[in-house]
Amino acid sequence: MQQDPVPRRAYYGLAEIADALGLSRQLVTVWRRRRSHDIPEPTAELSSGPIWEGAAIEPWIDRLRARRDDGAAAPLGPELAARLARRALRLLALLLEDRPRPQLLAQAVAAVQELAPAVEATLADDDGRLARAVLAALAGDSAPATFRTRLADVLPALAQLVRKANGERTDETVPNG
């Protein structure tokens with residue numbers, strides 16, 4: 001009979017779960033909100049967010065890791081690369097307008113962020129890292145100028161995703177990426 005692993009932490013929040021899985025906090029938050037991936041209910045809810053006792057969440061973390069280690073994660077496909085590039089470039093185009101329209105910006109940001117679970121479920125190879133870099137550009141401060149700068153910074157990654165979508169090789173190094 002195999003024993004449960006010894007708890008590595010007394011308590012976990014969303015950030016600690018994400019770190020343990022090597023995923024983004026945003027993805028774990030989406031999983032919890034959608035009640036997907038069989039994420040256990042938290043032990044308690046604090047004003048800072050949910051918390052789990054280590055003994056309660058670590059077996060789930062271990063199962064998820066084992067599934068990913070068994071090759072359950074797939075490489076980033078050309079279709080997902082194309083969708084992410086299209087949505088990010090559409091957002092950048094809106095951000096470059098003289099007077100960005102808040103409602104359209106919010107919709108465009110949501111459209112890009114909607115792809116986070118699919119991207120996070122892919123391998124963390126070169127293409128996966130490029131896609132994650134694009135998503136990371138939308139984390140944090142949501143001021144249009146901030147998003148515009150961050151998306152401009154990941155344009156080389158977007159170019160690689162477009163190449164991936166077109167079936168071209170994407171294994172060459174991305175400048176500043």
Side-chain angles (χ1 to χ4, degrees), residues 14-15 17-39 49 61 64-65 67-177:
L14 292 168
I17 293 170
D19 287 343
L21 291 170
L23 301 172
S24 73
R25 182 174 188 251
Q26 175 187 6
L27 177 62
V28 176
T29 301
V30 169
W31 286 356
R32 178 169 182 263
R33 191 174 338 125
R34 294 181 180 170
R35 298 182 184 274
S36 66
H37 292 76
D38 298 320
I39 189 168
I61 290 170
L64 229 57
R65 277 188 187 149
R67 229 184 299 159
R68 284 180 38 193
D69 292 344
D70 288 344
L76 181 78
E79 300 81 18
L80 182 54
R83 274 188 290 155
L84 179 58
R86 253 192 326 269
R87 291 178 186 191
L89 289 169
R90 185 175 301 132
L91 173 58
L92 183 57
L94 288 170
L95 289 165
L96 290 170
E97 290 181 353
D98 290 335
R99 292 192 182 127
R101 294 166 279 181
Q103 184 176 2
L104 289 178
L105 285 177
Q107 290 170 345
V109 168
V112 175
Q113 290 175 335
E114 179 181 275
L115 297 176
V119 168
E120 294 291 348
T122 64
L123 290 174
D125 59 4
D126 289 343
D127 293 331
R129 280 190 289 280
L130 292 171
R132 285 169 181 79
V134 172
L135 291 174
L138 300 182
D141 183 11
S142 62
T146 303
F147 277 163
R148 186 173 43 244
T149 300
R150 288 189 194 145
L151 281 172
D153 289 344
V154 296
L155 276 173
L158 281 168
Q160 291 290 73
L161 291 174
V162 170
R163 288 186 188 97
K164 171 75 174 178
N166 289 332
E168 299 171 29
R169 289 185 51 171
T170 60
D171 56 359
E172 53 276 349
T173 304
V174 178
N176 298 324

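Here the structure is a predicted model, which means the values were calculated and not measured.
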| message | Using side chain to side chain contact (heavy atoms under 4.5 Å, CB included), reason through Leu155 and Leu92 one step at a time and then give a plain yes or no. | response | CA-CA 10 Å; Leu155 276 173; Leu92 183 57; 3.8 Å; yes
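- The two residues Ala88 and Leu151 make their nearest non-hydrogen contact at O-CD1, 4.1 Å.
- Each of Asp125, Leu80, Thr122 was checked for a side-chain contact (heavy atoms from CB on, under 4.5 Å) with Pro75, and the lone residue meeting it is Asp125.
- Here the CD atom belonging to Gln113 is positioned 11.5 Å from the CZ atom belonging to Arg87, to the nearest 0.5 angstrom.
- Across all non-hydrogen atoms, the minimal contact from Ala108 to Leu94 is CB-CD1, 3.6 Å.
- Taking every heavy atom of both residues into account, Leu95 and Leu105 meet most closely at CD2-CD2, 3.6 Å.
- Going from atom CZ of Arg90 over to atom CD of Gln107 covers 11.0 Å, rounded to the nearest 0.5 Å.
- The minimum heavy-atom distance linking Ala165 with Ala82 is given by the pair CB-CB, 3.5 Å.
- Between the CG atom of Leu158 and the CZ atom of Arg163 there is a distance of 11.0 Å, given to the nearest 0.5 Å.
- Using a 4.0 Å cut-off between charged nitrogen and carboxylate oxygen, Arg129 and Asp126 count as a salt-bridge pair.
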| side chain to side chain contact (heavy atoms under 4.5 Å, CB included) evaluation trace for Leu138 with Arg150 | CA-CA 7 Å; Leu138 300 182; Arg150 288 189 194 145; over 6 Å; no
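- Looking at every heavy atom in both residues, Val119 comes nearest to Arg132 through O-NH2, 3.3 Å.
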| field | side chain to side chain contact (heavy atoms under 4.5 Å, CB included) between Thr29 and Arg33, worked out | value | CA-CA 6 Å; Thr29 301; Arg33 191 174 338 125; 3.8 Å; yes
| query | Stepwise, does the side chain to side chain contact (heavy atoms under 4.5 Å, CB included) test hold for Leu64 with Trp31? | reply | CA-CA 13 Å; Leu64 229 57; Trp31 286 356; 3.3 Å; yes
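- Ala116 and Leu135 make their closest contact through CA-CD1, 3.6 Å (heavy atoms, listed as atom of the first residue, atom of the second, distance).
- Interatomic distance, Lys164 NZ to Asp127 CG, rounded to the nearest 0.5 Å: 4.5 Å.
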